[in-house]
Amino acid sequence: MSIGGVLLIQCKAYLEKPRALIEQDNGNRDKIEVLLKDPSKGYIDLDNHFEMKRFIESGRFEASSMQMTITITNNEQTIIGFDFPSAYNIWSDYLEAVEQVMNVGRTSRMYGIDPMRLEMRWTKENQVHLVIRNDFERDMIYVDCMLPGHDLLESMLQALHHLWSKLLEYGIEEKYRDELPWIERLLNRIRLDKAKST
């Protein structure tokens, strides 16, 4: 659902900040101590030009191996926040998951490289059942919710499009420019399907 064209579901990608930068920014306090008080201090907002420039120039940034998170809120209720574990190149897992849901109605795949599994299933009510669970202990479930399907997939794709648009703006290798047309094709598909369903 959206109000005035604004999606109630909001997804946003953040890059994990290196330990040295976290401690430098917080009076050399230990990273764990800092993050226990405020997990958001462990991440860099892509729209923060100063933080991104410093991260890239630190030599610790590599576009092929990004430790990151994608937060999800629904009508201002947090589904995945900064206290949820970050994951290695999770943008790729989400992108492939969204495409698979659009093509066959469901997906089940690893969430990053940790023993966690991302599951999404499209229902006949145009909802998506989103589950993230421990891959070894199936009863250990971290996220389990039903969300408006079109809005969730569109917002995820918007977050991924913003991620790669900003990284290209900050001057990463041109070879990564190929990610944008893929995301844009899926965005056009989900928006068209959403228009047909209303």
Considering non-hydrogen atoms only, spot the tightest contact between [X] and [Y] and give its length.
| X | Y | answer |
| --- | --- | --- |
| A63 | W164 | O-CH2, 4.3 Å |
| C11 | I72 | SG-CG1, 3.9 Å |
| V128 | G149 | CG2-CA, 3.6 Å |
| I70 | I80 | O-CG2, 3.6 Å |

Counting distance only, does the side-chain N/O of [X] pair as donor-acceptor with the main-chain N or O of [Y] below 3.5 Å?
| X | Y | answer |
| --- | --- | --- |
| Y170 | L46 | yes |
| E62 | S64 | yes |
| T69 | T71 | no |
| S165 | H162 | no |
| S155 | I9 | yes |
| D135 | R117 | no |

How many angstroms lie between atom [atom1] of [X] and atom [atom2] of [Y], to the nearest 0.5 angstrom?
| X | Y | atom1 | atom2 | answer |
| --- | --- | --- | --- | --- |
| L147 | M120 | CG | CE | 9.0 Å |
| L187 | K194 | CG | NZ | 10.5 Å |
| W182 | L160 | CH2 | CG | 9.5 Å |

Chi angles and distances behind the side-chain contact (heavy atoms from CB on, under 4.5 Å) call for M68, L163: CA-CA 11 Å; M68 58 184 298; L163 165 71; 3.9 Å; yes
Close side-chain approach of K17 and R54, heavy atoms under 4.5 Å: yes
Check: L168 and L180 side chains under 4.5 Å, non-hydrogen atoms: yes
Side-chain donor-acceptor pair present, R189, N103, cut-off under 3.5 Å: yes
Side-chain donor-acceptor contact under 3.5 Å, H150 with D193: yes
Stepwise side-chain contact (heavy atoms from CB on, under 4.5 Å) check, M116 with L118: CA-CA 7 Å; M116 296 169 66; L118 168 66; over 6 Å; no
Short N-O contact, K166 and D45, less than 4.0 angstrom: no
Ionic contact status for R138 with E119, cut-off 4.0 Å: yes
Aromatic ring pairing Y111/Y94, orientation class (parallel under 30°, perpendicular over 60°, tilted between): perpendicular
Close aromatic pair by centroid cut-off 6.0 Å: W91 and H161: no
